[in-house]
Amino acid sequence: MDPSVAWFQQKRAEAVIQALEHNRMSGSFLPQADEAPQAVLDMIPPGSSVALGGSMTVVQTGVLQALRQAQGLELIDRFEKDIPPQELTARLRRGLTADVFVSGVNAVTEQGELVFVDASCTRVAPILYGPGKVILLAGANKIVPNLAYAQERIRHFVAPANAKRLGRKTPCAETGQCADCSSPDRICNATVVIHKQAQKERLHLIILGGAWGL
Ligand code: SF4
């Protein structure tokens with residue numbers, strides 16, 4: 001990465017971390033994303049049950065692999081291949097009562113707000129309530145100036161690109177543009193903003209140097 005880009009990402013991450021603290025959350029910055037797996041493991045108490053939200057970043061950075069290999073944790077693995085539908089539903093529901101929830105986020109504002117888009121809300125529900133500890137990962141590419149930019153990022157990039165990736169039958173997966181559809185395959189049924197947290201230690205955001213996820 002060009003040093004000036006790395007510098008810029010660090011400066012933005014530092015501003016976000018300060019804003020998160022103000023919002024009763026916490027954050028950290030890892031310039032090298034290959035440090036992410038160990039950083040996540042270090043935050044999980046031994047013996048914890050750990051559930052996952054749908055997240056490309058969790059997979060791309062090796063965090064999923066590290067959780068699968070970790071000793072002394074109970075991983076509720078929604079990413080396993082060929083899980084029968086009933087079992088997948090059971091695992092997603094268990095995410096609501098896991099000790100720790102690990103996921104990604106779609107946009108992070110410079111004011112320390114976290115913005116998510118979800119189709120079935122199996123990701124946002126445990127982030128909002130349930131697990132006592134929530135660890136989120138976001139590439140520095142997810143940082144935006146404010147909520148308006150976050151909405152724009154989601155509607156004009158995240159949702160169409162994810163719809164394409166997941167093979168959804170939506171207008172945006174054909175054209176690349178949002179048509180505010182009412183498709184049963186619609187990927188952006190809920191947009192959730194976390195402004196602050198009641199429990200200060202509950203939510204931690206790890207910001208990663210580079211561009212990760214969508
Ligand atoms: S509303 Fe429909 S068309 Fe627009 S981004 Fe969401 S899924 Fe795509």
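As the structure lists them, so they are numbered: ligands from 1, and atoms in each ligand from 1.
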So, 2.8 Å as the limit: is an N/O/S atom of Cys188 located closer than that to atom 4 (Fe) of ligand 1? no
Give the residue, atom name and distance (to 0.1 Å) of the protein heavy atom nearest atom 7 (S) of ligand 1. Ile187 N, 3.5 Å
Met56 pairs by side-chain contact (heavy atoms from CB on, under 4.5 Å) with which of Leu214, Thr61, Leu137? Leu214
Kindly check if the number of other-residue, nucleotide or ligand heavy atoms within 6.0 Å of CD (Glu174) is above 12? no
Would Cys172 count as a contact for atom 8 (Fe) of ligand 1, in the sense that one of its N, O or S atoms lies under 2.8 Å from it? yes
What protein heavy atom is closest to atom 2 (Fe) of ligand 1, reported as residue, atom name and distance in Å? Cys181 SG, 2.3 Å
Identified side-chain contact (heavy atoms from CB on, under 4.5 Å) counterpart of Asn146 within the set Gln111, Glu110, Glu113, Gln151: Gln111
Identify the closest protein heavy atom to atom 5 (S) of ligand 1: which residue and atom is it, and at what distance? Ala159 CB, 3.5 Å
So is Ala163 in contact with ligand 1, going by heavy-atom distances below 4.0 Å? no
Check whether more than 12 heavy atoms from other residues, nucleotides or ligands sit under 6.0 Å from atom CZ of Arg93, and answer yes or no. no
Starting from the C-alpha separation in whole Å, work towards a yes-or-no answer on side-chain contact (heavy atoms from CB on, under 4.5 Å) for Glu80 and Leu75. CA-CA 11 Å; Glu80 217 175 284; Leu75 181 62; over 6 Å; no
Take a 6.0 Å sphere around NZ of Lys196 and say whether it holds more than 12 heavy atoms from other residues, nucleotides or ligands. yes
What residue and atom, counting heavy atoms only, is the protein's closest point to atom 3 (S) of ligand 1, and at what distance? Ala179 N, 3.3 Å
Surrounding CD of Glu87 (heavy atoms of other residues, nucleotides or ligands, distance under 6.0 Å), is the total greater than 12? yes
Should you measure from each heavy atom of Arg186, which atoms of ligand 1 turn up under 4.0 Å away? 1 (S), 7 (S)
Nearest protein heavy atom to atom 4 (Fe) of ligand 1, by residue and atom, and its distance? Cys178 SG, 2.4 Å
